> 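Here it is, the structure, as structure tokens.
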Amino acid sequence: MVGEEGAFVLGWEEVLTEEELSMTLKVLCMSEEEFKEYKEQDGWEDDSEEEENSTLSNEALSRLKTPCKKLLYDSVLLTLESYGSDLKAEQDLLNNKEAYEKLSRREQQALHVRYGQKRILHQLLELVG
């Protein structure tokens, strides 16, 4: 369901791997009975109306059912814990011109990437929290 990398791609305004995340949330949030039925039917039949309404924009994420929101929230927390520092530490380093300039160009770029990733994850926490 998740693809080769085993990760979902989030943007500022929507989930970029919405099909994978949508399917994963549906399966993981199913009751045992729903899952048995899903397995017996070998998945869902194509439902074009459901697909049209499945865009996972930030607004749609905030309207997910509570179990799916909790699953996403907990997953984001685990992802944030995997980083060596928190968002504030990254922001402090970005704001400290002297410390920032001591970093190599590659370290500066990595800092910007990590900071952006963490900001998106914190935004997701707010949407589903």
Side-chain angles (χ1 to χ4, degrees):
M1 277 185 273
V2 179
E4 290 181 26
E5 281 120 34
F8 302 108
V9 181
L10 306 171
W12 283 108
E13 297 178 13
E14 64 187 12
V15 176
L16 302 176
T17 54
E18 65 182 281
E19 186 178 327
E20 292 91 343
L21 181 58
S22 180
M23 179 64 72
T24 300
L25 288 174
K26 282 180 186 179
V27 171
L28 292 177
C29 294
M30 286 179 180
S31 67
E32 187 175 339
E33 191 174 296
E34 290 170 324
F35 185 68
K36 284 180 184 176
E37 184 179 321
Y38 172 78
K39 282 176 37 178
E40 287 172 6
Q41 293 179 2
D42 197 26
W44 289 288
E45 294 179 18
D46 288 337
D47 186 350
S48 58
E49 183 178 320
E50 185 175 324
E51 286 177 18
E52 288 176 17
N53 296 325
S54 70
T55 301
L56 288 178
S57 65
N58 287 350
E59 183 181 332
L61 288 169
S62 67
R63 290 184 279 122
L64 288 172
K65 293 179 183 175
T66 301
C68 291
K69 287 169 78 170
K70 178 160 177 30
L71 180 62
L72 271 178
Y73 189 89
D74 291 346
S75 298
V76 169
L77 288 180
L78 284 172
T79 301
L80 286 169
E81 288 175 10
S82 71
Y83 286 96
S85 61
D86 63 10
L87 181 65
K88 184 174 176 355
E90 305 288 4
Q91 193 168 22
D92 290 346
L93 186 52
L94 284 167
N95 291 332
N96 183 337
K97 187 175 181 177
E98 185 178 315
Y100 179 79
E101 289 177 353
K102 289 181 181 178
L103 298 174
S104 70
R105 183 74 183 131
R106 187 175 182 165
E107 290 170 325
Q108 290 173 354
Q109 291 171 341
L111 173 62
H112 284 282
V113 169
R114 283 192 316 272
Y115 180 68
Q117 290 171 341
K118 291 176 187 177
R119 285 188 55 214
I120 288 172
L121 291 169
H122 278 272
Q123 176 181 286
L124 183 57
L125 285 178
E126 289 177 20
L127 290 168
V128 299

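These numbers were taken from a predicted model, which means no experiment stands behind them.
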> Could you tell me whether the side chain of V15 reaches within less than 4.5 Å of the side chain of V9, counting heavy atoms only?
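Not in contact.
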> Look up atom CG in L125 and atom NE2 in H122, then write down how far apart they are to the nearest 0.5 Å.
6.5 Å
> To the nearest 0.5 Å, how far apart are CE in M23 and OG1 in T17?
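Reported value, rounded in 0.5 Å steps: 13.0 Å.
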> Would you check, one step at a time, whether the test side chain to side chain contact (heavy atoms under 4.5 Å, CB included) holds for Q117 with T79?
CA-CA 10 Å; Q117 290 171 341; T79 301; over 6 Å; no
> Could you grab the distance from atom CG of N58 to atom CD of E13, nearest 0.5 Å is fine?
7.0 Å
> What distance do L111 atom CG and E107 atom CD have between them, rounded to the nearest 0.5 Å?
9.5 Å
> Per the salt bridge (charged side-chain N to carboxylate O under 4.0 Å, His left out) rule, what does the pair list look like for residues 108-129, sequence neighbours excluded?
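Counting only pairs at least two positions apart or across chains, the salt bridge (charged side-chain N to carboxylate O under 4.0 Å, His left out) contacts touching residues 108-129 are E90-R114, E90-K118.
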> Hey, are the side chains of T24 and F8 touching, using non-hydrogen atoms and a 4.5 Å cut-off?
yes
> What side chain to side chain donor-acceptor pair (under 3.5 Å) pairs are there with at least one residue in residues 61-73, not counting sequence neighbours?
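Applying side chain to side chain donor-acceptor pair (under 3.5 Å) to every pair that reaches into residues 61-73, excluding sequence neighbours, yields K70-D74.
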> Could you walk me through whether L87 and L80 satisfy the side chain to side chain contact (heavy atoms under 4.5 Å, CB included) test, starting with their C-alpha distance in whole Å, then the side-chain angles of each, then the deciding distance to 0.1 Å, before giving a yes or no?
CA-CA 9 Å; L87 181 65; L80 286 169; over 6 Å; no
> Specify the closest pair of heavy atoms between L56 and A60, including all atoms of both residues, with the distance to one decimal.
CA-CB, 4.2 Å
> Any donor and acceptor pair, going by atom type alone, linking the side chain of Q108 with main-chain N or O of Y100 inside 3.5 Å?
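Answer holds: yes.
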> Do you reckon L94 sits in the same ILVMFWY cluster as I120, going by side-chain contacts under 4.5 Å, direct or chained?
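Looking at the clustering, I120 is in a separate group from L94.
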> Would you compute the distance between atom CG of L61 and atom SG of C68 and round it to the nearest 0.5 angstrom?
10.5 Å
> Consider salt bridge (charged side-chain N to carboxylate O under 4.0 Å, His left out). Of E34, E40, E32, which one does K36 pass it with?
E32
> State yes or no: do L121 and W12 share one hydrophobic cluster built from I, L, V, M, F, W and Y residues joined by side-chain heavy-atom distances below 4.5 Å, directly or via other members?
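Same cluster: L121 reaches W12 through Ile, Leu, Val, Met, Phe, Trp or Tyr contacts under 4.5 Å.
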> With rounding to the nearest 0.5 Å, note down the distance linking CD in Q91 to OH in Y115.
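Answer rounded to 0.5 Å: 3.5 Å.
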> Answer whether the closest heavy-atom distance between the side chains of L103 and L93 falls below 4.5 Å.
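Contact flag for L103/L93 side chains = yes.
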> Stepwise, does the side chain to side chain contact (heavy atoms under 4.5 Å, CB included) test hold for E81 with L78?
CA-CA 5 Å; E81 288 175 10; L78 284 172; 4.0 Å; yes
> Who are the salt bridge (Lys or Arg N to Asp or Glu O under 4.0 Å) partners of D92, not counting sequence neighbours?
K88
> Just wondering, more than 12 heavy atoms not from Q109 lying within 6.0 Å of its CD?
yes
> Test side chain to side chain contact (heavy atoms under 4.5 Å, CB included) on L72 and L25 and set out the steps.
CA-CA 8 Å; L72 271 178; L25 288 174; 4.1 Å; yes
> Which atom names give the shortest non-hydrogen contact between C29 and L71, and what distance separates them?
SG-CD2, 4.2 Å
